[in-house]
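These notes are about the structure you will find just below.
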Amino acid sequence: MQYWLLKSEPETFSIDDLAAAPNKTTYWDGVRNYQVRNFMRDAMKPGDLGFFYHSSCAIPGITGIVKITCDAYSDHTQFDHKHAHYDPDSDPQSPRWLMMDVKLQRKLKRIITLDELRQHQKQLPELLILKRGNRLSVTPLTEHEWKYILTLE
DNA sequence: GCCAACGTTGGC
DNA sequence: GCCAACGTTGGC
């Protein structure tokens, strides 16, 4: 069992959008970063849990808990030349980019803000979201980080 | 293989 | 809108 933090811009797709989706499930498309692709390909497994994080917004922070519900599979948007994430260099026989499905487990009772996480940096010294320059849209968390953050709720 | 230019992310 | 950080691209 692994733990993850998944960033989403709420103006594009928010925790409430996920709550309103059929079966509270969506596919996580648009990853165009090799490190994140490799996480999805090599490390993320069905049953893994993730924090749903709102980024690039007024109050960045953790808003919910999701479950990974399948292994990574080809992200179809890479072959759609009308799509913003179209990748003309990806070979359909060997797709470069992957996505997976996530299902909402529950919304948090309240948002655990980035600001609040920073106040607990001593207890979370390796939390990647708090590191300078961290821009990965998917990052792993340790079990300790996962459980500690949940006690803040 | 180096590295300058450029694009993107994301907090503020 | 600004800008620091970082990944990618492409000329050499």
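Proteins get letters first, then strands, A, B, ... in listed order; numbering begins at 1 in each. Basis for what follows: all heavy atoms, side chains included, without hydrogens, waters or symmetry-related copies.
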Rounded to whole Å, please give me the gap between [atom1] in [X] and [atom2] in [N].
{"X": "Glu11(A)", "N": "dG10(B)", "atom1": "CD", "atom2": "P", "value": "14 Å"}
{"X": "His85(A)", "N": "dG7(B)", "atom1": "NE2", "atom2": "C1'", "value": "14 Å"}
{"X": "Asp89(A)", "N": "dT9(C)", "atom1": "CG", "atom2": "P", "value": "8 Å"}
{"X": "Trp97(A)", "N": "dG7(C)", "atom1": "CH2", "atom2": "C1'", "value": "10 Å"}
{"X": "Glu9(A)", "N": "dT9(B)", "atom1": "CD", "atom2": "C1'", "value": "8 Å"}
{"X": "Ile129(A)", "N": "dC12(B)", "atom1": "CD1", "atom2": "P", "value": "11 Å"}
{"X": "Lys131(A)", "N": "dC6(C)", "atom1": "NZ", "atom2": "C1'", "value": "16 Å"}
{"X": "Leu130(A)", "N": "dC12(B)", "atom1": "CG", "atom2": "P", "value": "11 Å"}

Asp75(A): which of His85(A), Arg32(A), Arg96(A) passes side chain to side chain donor-acceptor pair (under 3.5 Å): Arg32(A)
Side chain proximity check, Tyr73(A) to Asp101(A), heavy atoms < 4.5 angstrom: yes
Phosphate OP1/OP2 of dG10(B): any Lys7(A) side-chain N/O under 4.0 Å: yes
Contact under 4.0 Å: Tyr53(A) side-chain N or O vs dG11(B) OP1/OP2: yes
Side chain of Leu114(A) (C-beta onward), nearest among dT9(B), dC12(B), dT8(C): dC12(B)
Phe79(A) ring center within less than 6.0 Å of His81(A) ring center: no
Parallel, tilted or perpendicular: ring planes of Phe52(A) versus His54(A), cut at 30 and 60 degrees: perpendicular
Touch class at under 4.0 angstrom, heavy-atom based, for Arg118(A) against every strand present: sugar-phosphate
Sugar-phosphate only, base, or nothing, as touched by Ser56(A) at under 4.0 Å among non-hydrogen atoms: base
